[in-house]
Amino acid sequence: MLRSCARLIYKGIALPRQQQNLHSLPCSYTAPKFYSQEAPRDYGVPNTTWSKNLLDLYNKYMEGSKSGTWKRIPSYNATVHYIKGVPPVRNREKRLFTRNLDQDGVGFEYCMFYNKAERRMVCLFQPGPYLEGPPGFTHGGCIATMIDSTTGAGAVYLCGGVMTANLTVDYKNPIPLGCVVIIDSKVEKIEGRKVFTSCQIRSHDDSMLHTEATALFIKLCP
């Protein structure tokens with residue numbers, strides 16, 4: 001799976017250039033700080049391709065953020081935009097996998113909200129037509145990518161930098177392209193450097209369970 005996705009969503013630990021033992025990875029972990037007068041685009045806010053169902057859910061969680069229950073997570077298209085001390089670079093060749101398209105609405109359209117008290121990360125996901133697997137439905141690998149990204153983001157917010165060690169996905173009902181689903185993840189327990197998470201993907205109205213999953217992450221810092 002995309003082992004880097006789990007630690008790119010929030011504070012952005014720099015990727016090692018070569019494969020290293022986890023014990024040798026750097027443990028510096030600081031909040032992002034931008035040095036450019038023009039901040040990079042935040043893709044986690046509404047655009048014209050968002051459906052009514054996605055907008056309604058977004059507004060619901062934004063209401064929850066007013067009381068401090070939920071916090072909206074910014075979403076950028078490049079790792080460097082999350083790293084302290086690195087100014088945003090325009091027209092970069094490297095992009096995050098889930099933000100690699102120039103056209104809105106055709107690929108991974110999503111936003112995330114975090115609930116610290118419940119140790120939950122929720123992703124509102126609208127798959128576009130470029131994510132097709134079976135005719136009319138979302139590719140299973142794209143679904144797994146969003147599970148990895150969502151559970152990993154929740155682990156990062158609670159524990160700092162992590163990498164994916166294991167991801168188990170149980171596909172129950174296919175996800176039609178263009179529909180809106182809720183990816184609801186939770187950190188279940190922490191044992192040393194191991195972070196155990198669970199996840200469900202449900203329809204926007206909670207009437208259908210599409211997918212269940214569990215994921216194990218390893219903290220980069222002891």
Side-chain angles (χ1 to χ4, degrees), residues 1-10 12 15 32 39-59 61-62 72-83 88-114 121-154 156 164 167 169 171-185 199-205 208 210-211 213 215:
M1 272 311 138
L2 301 172
R3 296 193 169 196
S4 62
C5 284
R7 57 202 179 97
L8 300 180
I9 303 298
Y10 180 37
L15 297 175
R41 178 184 174 183
D42 183 349
Y43 290 81
V45 295
N47 63 59
T48 57
T49 70
W50 284 27
S51 67
K52 182 179 184 302
N53 289 334
L54 183 53
L55 286 170
D56 287 347
L57 283 173
Y58 175 86
N59 290 330
Y61 281 93
M62 286 300 292
R72 190 186 70 81
I73 308 303
S75 182
Y76 307 113
N77 71 350
T79 308
V80 295
H81 297 330
Y82 296 91
I83 303 175
V89 179
R90 305 301 167 188
N91 301 319
R92 294 184 76 252
E93 292 184 359
K94 298 181 178 64
R95 297 186 184 184
L96 296 180
F97 179 63
T98 56
R99 296 296 189 194
N100 63 2
L101 298 175
D102 292 322
Q103 183 179 346
D104 290 338
V106 297
F108 296 93
E109 203 65 56
Y110 66 93
C111 59
M112 292 190 186
F113 291 85
Y114 183 61
M121 183 69 76
V122 166
C123 176
L124 312 177
F125 176 42
Q126 178 181 292
Y130 287 9
L131 303 187
E132 187 176 62
F137 293 96
T138 309
H139 192 286
C142 298
I143 296 169
T145 294
M146 291 307 300
I147 293 172
D148 187 35
S149 298
T150 305
T151 55
V156 165
T164 311
L167 181 63
V169 182
Y171 298 97
K172 295 183 175 297
N173 289 289
I175 298 176
L177 294 171
C179 78
V180 176
V181 294
I182 302 169
I183 307 175
D184 191 350
S185 74
C199 184
Q200 285 189 341
I201 300 182
R202 304 184 302 272
S203 58
H204 74 278
D205 58 0
M208 179 177 292
H210 289 282
T211 313

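The residues of the chain are indexed from 1 along the displayed sequence.
Counting only residues at least two apart or in different chains, side-chain hydrogen bond (donor to acceptor under 3.5 Å, both in side chains) contacts with residues 128-141 are absent.
Remark: N100 engages no residue in a side-chain hydrogen bond (donor to acceptor under 3.5 Å, both in side chains) (not counting sequence neighbours). Partners of Y61 by ring pair (Phe, Tyr, Trp, His ring centres under 6.0 Å), not counting sequence neighbours, listed by chain and number: W70, F113. With sequence neighbours excluded, the residues satisfying side-chain contact (heavy atoms from CB on, under 4.5 Å) with Y171 are I143, A144, V169, T211. Residues satisfying the ring pair (Phe, Tyr, Trp, His ring centres under 6.0 Å) criterion with F108, sequence neighbours excluded, are F97. For D42, the side-chain contact (heavy atoms from CB on, under 4.5 Å) partners are V45, R72, P74, S75, Y76, not counting sequence neighbours. Considering only residues two or more places apart in sequence or on other chains, D205 meets the side-chain contact (heavy atoms from CB on, under 4.5 Å) condition with S203, S207. For Y114, the side-chain hydrogen bond (donor to acceptor under 3.5 Å, both in side chains) test picks out no residue, with sequence neighbours left out. With sequence neighbours left out, the side-chain contact (heavy atoms from CB on, under 4.5 Å) criterion links C179 to I175, P176, V181. Take N47 and apply the side-chain hydrogen bond (donor to acceptor under 3.5 Å, both in side chains) test, not counting sequence neighbours, and it matches T49, E109. Q126 meets the side-chain hydrogen bond (donor to acceptor under 3.5 Å, both in side chains) test with S51; sequence neighbours excluded.
The two atoms that bring L101 and G107 nearest to each other are CD1-CA, 3.8 Å, heavy atoms only. The two residues G128 and L177 come nearest to each other via the heavy atoms O-CD2, 3.2 Å. The two atoms that bring P129 and G105 nearest to each other are CD-O, 3.5 Å, heavy atoms only. Taking each heavy atom of G44 and W50 in turn, the nearest pair found is O-CH2, 4.1 Å.
One distance of note links CG of L57 with CG of L124; it measures 5.5 Å at 0.5 Å rounding. In this structure, CD1 in I183 is found 10.5 Å from CZ in R202, a value given to the nearest 0.5 Å. Taking NE2 of H204 as the start and CG of L54 as the end, the distance is 10.5 Å to the nearest 0.5 Å. For the atom pair CD1 (I147) and CD (Q200), the distance works out to 10.5 Å, reported to the nearest 0.5 Å.
In this structure, the side chains of P127 and M146 stay at 4.5 Å or more apart for every pair of heavy atoms. Two residues are said to be in side-chain contact when any heavy atoms from C-beta on lie closer than 4.5 Å; I201 and I182 fail this criterion. Side-chain contact between L131 and F125 is present, with heavy atoms from C-beta onward closer than 4.5 Å. In this structure the side chain of N77 never reaches within 4.5 angstrom of the side chain of R41, judged on heavy atoms.
Within the 3.5 Å criterion, the main-chain N or O of M121 finds a donor-acceptor partner in the side chain of S185. Without hydrogens or angle criteria, H210 side chain to N173 main chain gives a donor-acceptor distance under 3.5 Å.
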